[in-house]
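To find a chain, count down the sequence lines: A is the first, B the second, and so on, and within it residues start at 1.
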Number of protein chains: 2
Amino acid sequence: MSSQRSGVLELAVLGLLHETPMHGYELRKRLNSVLGAFRAFGYGSLYPCLKELLRQGLIAEEAPAGPTAKPLAGRKSKIVYRLTAEGKERLQDLLREAGPASWEDDGFGVHFAFFGLTRADIRMRILEGRRSRLEERLDSVRAAMSRTRERLDSYTLELQRHGLESVEREVRWLNELIASERQSGPEPGGRAGDHTQSGSAGTAG
Amino acid sequence: MSSQRSGVLELAVLGLLHETPMHGYELRKRLNSVLGAFRAFGYGSLYPCLKELLRQGLIAEEAPAGPTAKPLAGRKSKIVYRLTAEGKERLQDLLREAGPASWEDDGFGVHFAFFGLTRADIRMRILEGRRSRLEERLDSVRAAMSRTRERLDSYTLELQRHGLESVEREVRWLNELIASERQSGPEPGGRAGDHTQSGSAGTAG
DNA sequence: GTTAGCATGTAAGGAGTTACATGATTTT
DNA sequence: AAAATCATGTAACTCCTTACATGCTAAC
């Protein structure tokens with residue numbers, strides 16, 4: 001029955017509101033701009049999510065700046081949301097989560113979008129996790145392709161070929177990112193702490 | 001409450017059973033081999049789907065070959081499914097559907113996997129529909145990127161860049177496929193009819 | 001003064017996923 | 001006869017999508 005417990009949206013909303021307060025409509029545009037090519041949300045997902053985050057006290061309505069700037073007559077105008085202290089904590093928790101969910105397609109994209117707020121060691125774990133996940137996929141597809149060369153017509157083969165190449169391409173991309181991360185913050189001891197950005201998302205192409 | 005009305009699974013299952021009868025376990029493996037890198041299903045999706053297709057009379061249990069080859073004592077062994085006449089009709093209907101659903105990520109992949117069973121004119125419409133869809137996406141992402149160059153950190157930018165490149169790559173792939181299709185079957189008049197394969201999924205790289 | 005776009009929401013439901021439960025068959 | 005793996009199934013749940021309903025605000 002609704003409630004939007006977790007999912008990518010929660011992280012995305014908290015992450016965006018961490019930058020600056022915003023109202024829903026604006027949030028949605030920015031959401032689809034940041035997640036860009038690989039994910040899109042509609043209002044039907046966003047507003048229920050905001051409602052739930054509000055209920056949990058992770059976000060709050062911003063007090064309207066000017067003194068009685070339109071005294072909200074029948075209650076229907078822009079509602080600007082901001083992150084609460086609990087919301088910031090929750091965001092940090094989500095950003096520290098480096099489990100399987102962070103290397104599935106959806107989870108990875110959103111986590112990556114907020115790498116700027118993520119600790120270097122977590123970034124590395126997510127990048128490596130994602131890479132293993134993709135390599136598993138490559139293995140199983142390649143295995144399936146060689147198994148008796150299951151009679152496949154040319155279109156199916158072409159689809160497989162293109163799929164494989166896409167995944168291989170992403171693996172190369174991850175390799176570059178990982179190399180670039182190692183350069184900027186080798187994490188010498190068991191260090192853990194500040195999460196200010198330090199990696200520069202390699203222009204290593 | 002369940003029922004699996006449409007969705008990609010129905011097409012995929014009917015398409016696979018069109019080649020040859022199979023039981024569920026086998027079907028699932030082949031499913032994940034054909035759809036390979038871009039989609040995977042579990043039993044929790046497949047079996048309810050088979051159940052529903054059975055209910056609709058689109059598939060049927062194959063009569064066990066040998067005479068009373070294990071008289072199915074407590075009913076628990078391999079169940080081989082085959083396509084019925086209605087199932088074949090339904091498959092043809094699905095293969096003729098070239099609407100928005102056929103150029104979204106999921107729908108496109110599955111439709112493409114069965115291009116061998118699809119009429120040439122429909123193939124073309126789907127390829128072109130997919131291409132427009134991706135070009136829309138490119139436009140909106142590029143627009144978002146240039147709009148005041150929304151302050152984005154380096155990771156977000158890197159994500160956008162990689163996303164754009166992936167989509168551009170797919171567009172190029174589609175262009176090659178479309179060119180290759182035009183060569184083999186230019187569809188001279190208002191021709192419509194046979195759906196035997198004739199395109200050869202261009203090795204035009 | 002009416003179209004167009006900004007802004008907020010809800011109800012119903014689709015399409016799978018997860019976790020579980022269980023039996024049959026082959027391998028060691 | 002124990003372990004692995006083949007094989008089938010269900011209940012509960014998740015997360016989002018679609019379609020709808022509404023009102024405000026600026027431009028023409």
### Query
Can you check the B:L9 CG to C:dT17 P distance for me, whole Å?
8 Å

#### Entry: Donor-acceptor contact below 3.5 Å, side chain B:Q160 vs main chain A:S33
yes

### Message
Nearest to the side chain of B:R39, heavy atoms from C-beta on, is which of C:dT17, C:dA7, D:dT5?
### Response
C:dT17

### Candidate nucleotides D:dA7, C:dG9, C:dT17, ranked by approach to the side chain of B:K78 - the nearest
D:dA7

### Query
Rounded to the Å, how far apart are A:Y25 OH and C:dG5 C1'?
6 Å

### Query
For the pair made of CZ in A:F38 and P in D:dC16, what is the distance, rounded to whole Å?
12 Å

### Query
Within the structure shown, what part of the strands sits under 4.0 Å from B:R28 by heavy-atom distance: base, sugar-phosphate, or nothing?
nothing

### Task
Send over the distance from B:L11 CG to C:dA15 P, rounded to a whole Å.
13 Å

### Query
Of all the choices, C:dT8, D:dT17, C:dT10, which nucleotide is nearest to the side chain of A:F41 once you look at every atom?
D:dT17

#### Entry: Closest listed nucleotide, where the reference is the side chain of A:S45 and the choices are C:dA7, D:dA7, D:dT17
D:dT17

### Protein-nucleotide distance (B:D106, atom CG; C:dA15, atom P), rounded to Å
11 Å

### Query
What is the distance from NE2 of A:H23 to C1' of C:dA7, rounded to the nearest Å?
7 Å

### Task
For D:dA7, take OP1 and OP2 only and decide whether either is under 4.0 Å from a side-chain N or O of B:K29.
no

### Task
Considering only NZ, NE, NH1 and NH2 on the basic side and carboxylate oxygens on the acidic side, decide whether A:E26 and A:K78 come within less than 4.0 Å.
no

### Query
With a non-hydrogen cut-off below 4.0 angstrom, is B:G24 in contact with a base, only sugar-phosphate, or nothing?
sugar-phosphate

### Query
Separation of A:E52 atom CD from C:dT10 atom C1', in whole Å?
15 Å

### Summary
By ring-ring contact (aromatic ring centres under 6.0 Å, His included), B:Y25 pairs with (sequence neighbours left out) B:Y43

### Query
Rounded to whole angstrom units, what separation is found between the OH atom of A:Y43 and the P atom of D:dA21?
19 Å

### Query
Between A:G87 and A:L14, what is the shortest heavy-atom contact and its length?
O-CD1, 4.3 Å

Side-chain polar contacts of residues 106-115 of chain B - donor-acceptor pairs under 3.5 angstrom, sequence neighbours left out - could you list them?
unit_1 : atom_1 : unit_2 : atom_2 : d
B:D106 : OD2    : B:R39  : NE     : 2.9
B:D106 : OD2    : B:R39  : NH2    : 3.2
B:H111 : ND1    : B:G107 : O      : 3.3
B:H111 : NE2    : B:L94  : O      : 3.3
B:H111 : NE2    : B:E97  : O      : 3.3

